[in-house]
There are 2 protein chains.
Amino acid sequence: MNSSDTKLQRASQLFEVYLKRQSLKLTKQRQEILVQFLSVGHHISAEEFHLIFKEANSKIGFSTVYRTLKLLTDCGLAREHQFGDRFTRYESSFETDHHDHLICTQCGDIIEFESAEIEALQTTIAKSHNFIIQDHKLELYGLCAKHNQ
Amino acid sequence: MNSSDTKLQRASQLFEVYLKRQSLKLTKQRQEILVQFLSVGHHISAEEFHLIFKEANSKIGFSTVYRTLKLLTDCGLAREHQFGDRFTRYESSFETDHHDHLICTQCGDIIEFESAEIEALQTTIAKSHNFIIQDHKLELYGLCAKHNQ
DNA sequence: ATTTCTGCAAATAATTTGCAACATC
DNA sequence: GATGTTGCAAATTATTTGCAGAAAT
């Protein structure tokens with residue numbers, strides 16, 4: 001990786017390698033979706049994401065958005081989340097450290113945080129159960145600064 | 001609470017008080033569902049739970065099971081979870097400490113654990129964001145003892 | 001007697017898939 | 001040219017709701 005490349009360039013490269021490995025094709029739609037995905041805010045549902053294309057008069061269909069989000073998840077560029085509502089939400093996981101979420105039950109606001117201490121404790125607990133962690137999700141639900149008086 | 005009561009008796013009492021407060025009625029179905037819910041294993045979906053009644057030739061319908069699980073959640077006897085599959089799963093939260101989960105991505109096995117240290121760290125983090133925690137979910141996904149060689 | 005509940009079947013909501021026309025390799 | 005993709009519409013899956021008859025207060 002060349003550090004003078006932009007983040008988009010590095011992500012595209014990873015995506016293209018992944019597609020080639022799986023004998024999949026690099027299409028205009030897939031390229032455009034990756035660009036948007038990296039620039040768009042976090043925690044977006046497939047439906048919300050599709051709306052962005054619709055509003056930009058892009059003709060990309062919902063299925064393509066949906067299937068491409070799955071591809072991005074498979075190749076490690078995206079992560080899926082299910083918070084309280086019943087949508088599957090996606091966020092970029094490219095060149096970002098793992099982080100967890102504070103979710104306001106009043107306004108739905110999502111605040112991200114990282115904690116090396118908690119992760120260390122998780123590893124200890126997993127070890128004591130002879131369990132190997134691949135991934136984790138920690139969500140704290142409650143009232144954000146705006147909604148506790 | 002009388003400590004010579006059984007757990008079921010104590011849970012029933014809590015449920016009855018809740019129903020009365022909400023001007024809801026105590027029906028045969030609701031009683032039967034509570035009994036089953038306390039005796040049944042954890043992390044059951046509404047559909048799986050309904051199947052138990054069906055197989056016991058109980059005529060309780062799916063909607064009643066579904067709506068009663070919601071009631072149990074509302075009055076604090078049950079908790080909802082969404083793990084990797086797309087079912088909402090329920091577990092008893094009556095007279096049990098809050099616990100978190102290790103979920104095997106190979107066999108779906110769920111191991112429960114508690115960690116006061118992690119909870120303390122969560123509180124610290126929340127405080128630093130001026131956030132008040134109402135609830136939390138921590139899930140560690142990976143390979144259980146049987147599935148890491 | 002009034003109010004709430006049940007169980008069915010039908011509606012909803014999000015996700016997933018089949019397929020004919022099209023694009024990429 | 002062979003293979004994979006797109007966008008539509010239709011299918012699927014889990015959840016939720018409307019309603020007439022039944023049960024609880």
Side-chain angles (χ1 to χ4, degrees), chain A residues 12 15-34 36-37 43-75 78-90 108, chain B residues 12 15-37 43-75 78-90:
Chain A
S12 297
F15 193 35
E16 286 170 34
V17 168
Y18 170 80
L19 292 175
K20 218 160 254 166
R21 283 244 177 84
Q22 307 285 322
S23 318
L24 302 177
K25 287 168 181 170
L26 179 64
T27 62
K28 299 247 185 260
Q29 288 93 331
R30 285 174 181 170
Q31 288 177 75
E32 199 185 327
I33 289 170
L34 177 59
Q36 276 294 339
F37 183 66
H43 313 122
I44 198 159
S45 69
E47 208 171 355
E48 289 167 347
F49 195 36
H50 177 231
L51 211 64
I52 290 176
F53 292 100
K54 233 175 164 177
E55 284 171 355
N57 287 317
S58 166
K59 290 258 168 61
I60 297 182
F62 174 79
S63 304
T64 303
V65 169
Y66 169 78
R67 285 186 276 223
T68 304
L69 284 170
K70 290 284 176 202
L71 284 180
L72 294 176
T73 304
D74 290 343
C75 75
R79 271 183 130 252
E80 291 187 353
H81 279 285
Q82 310 222 201
F83 300 122
D85 58 7
R86 66 181 160 246
F87 293 88
T88 297
R89 298 187 169 280
Y90 297 84
Chain B
S12 296
F15 193 35
E16 286 170 33
V17 168
Y18 171 80
L19 292 175
K20 218 160 253 164
R21 283 244 176 87
Q22 308 284 320
S23 321
L24 301 178
K25 289 169 179 169
L26 180 63
T27 62
K28 300 247 185 262
Q29 289 92 332
R30 284 174 181 171
Q31 289 178 71
E32 200 185 325
I33 288 170
L34 177 58
V35 171
Q36 276 293 341
F37 183 64
H43 313 121
I44 200 161
S45 69
E47 207 171 357
E48 288 167 349
F49 196 35
H50 177 232
L51 212 65
I52 291 176
F53 292 101
K54 234 178 164 176
E55 283 170 356
N57 287 317
S58 166
K59 291 257 168 61
I60 296 182
F62 174 79
S63 303
T64 303
V65 168
Y66 169 78
R67 285 186 276 224
T68 304
L69 284 170
K70 290 284 176 204
L71 284 180
L72 294 176
T73 303
D74 289 344
C75 75
R79 274 184 127 249
E80 292 187 351
H81 279 285
Q82 310 222 205
F83 299 125
D85 59 8
R86 68 182 159 240
F87 293 88
T88 298
R89 300 187 167 278
Y90 296 84

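Convention: sequence-line order gives letters A, B, ...; per-chain numbering from 1. Note that the structure is predicted; figures quoted are calculated from it, not measured.
- Ring pair F49(B)/F53(B): centre-to-centre distance below 6.0 Å.
- Protein atom CD of Q82(A) is 14 Å distant from nucleotide atom C1' of dA13(C), rounded to whole Å.
- Nucleotide dT6(D) holds its C1' atom 13 Å from the CD atom of E32(A), rounded to whole Å.
- Between Q29(A) and dG7(D) there is a side-chain polar atom (N or O) within less than 4.0 angstrom of OP1 or OP2.
- You'll find the side chain of I52(B) stays beyond 4.5 Å of the side chain of V65(B), heavy atoms only.
- In this structure, the side chains of R79(B) and Y90(B) stay at 4.5 Å or more apart for every pair of heavy atoms.
- For T88(A), a side-chain nitrogen or oxygen approaches OP1 or OP2 of dT15(C) to under 4.0 Å.
- Between L71(A) atom CG and dT15(C) atom P there is a gap of 16 Å when expressed in whole angstrom units.
- A sub-4.0 Å separation between OP1 or OP2 of dT6(D) and a side-chain N or O of T27(A) is present.
- Between S63(B) and dC8(C) there is no side-chain polar atom (N or O) within less than 4.0 angstrom of OP1 or OP2.
- Rounded to an integer number of Å, the gap from L19(A) CG to dT24(C) P is 13 Å.
- Atom P of nucleotide dA23(C) and atom CZ of R67(A) are separated by 16 Å, given to the nearest angstrom.
- Residues K59(B) and S23(B) both approach DNA chain C. Their nearest nucleotides, taken by heavy-atom distance, put S23(B) toward the 5′ side.
- The side chain of R30(A) places an N or O atom within less than 4.0 Å of a non-bridging phosphate oxygen (OP1 or OP2) of dT5(D).
- Of the residues Q82(A), E48(A), H81(A), E80(A), the one that meets the side chain to side chain donor-acceptor pair (under 3.5 Å) test with R89(A) is E48(A).
- Judged by distance alone, with hydrogens and angles left aside, the side-chain atoms of H50(B) form a donor-acceptor pair with the main-chain N or O of I60(B) at under 3.5 Å.
- Per the geometry, CG belonging to L24(A) stands 11 Å off P belonging to dC25(C), to the nearest Å.
- For F87(B), counting side-chain heavy atoms from C-beta on, the closest listed nucleotide (dA14(D), dT15(C), dT6(D)) is dA14(D).
- The distance between atom CD of Q22(A) and atom C1' of dG4(D), rounded to the nearest whole Å, is 13 Å.
- Distances from the side chain of R86(A) to the nucleotides dA13(C), dT6(D), dT4(C) place dA13(C) closest.
- Between K28(B) and K70(B), the one whose closest nucleotide on DNA chain D sits nearer the 5' end is K70(B).
- Put simply, CZ on F62(A) is 16 Å from P on dG18(C), counting in whole angstrom units.
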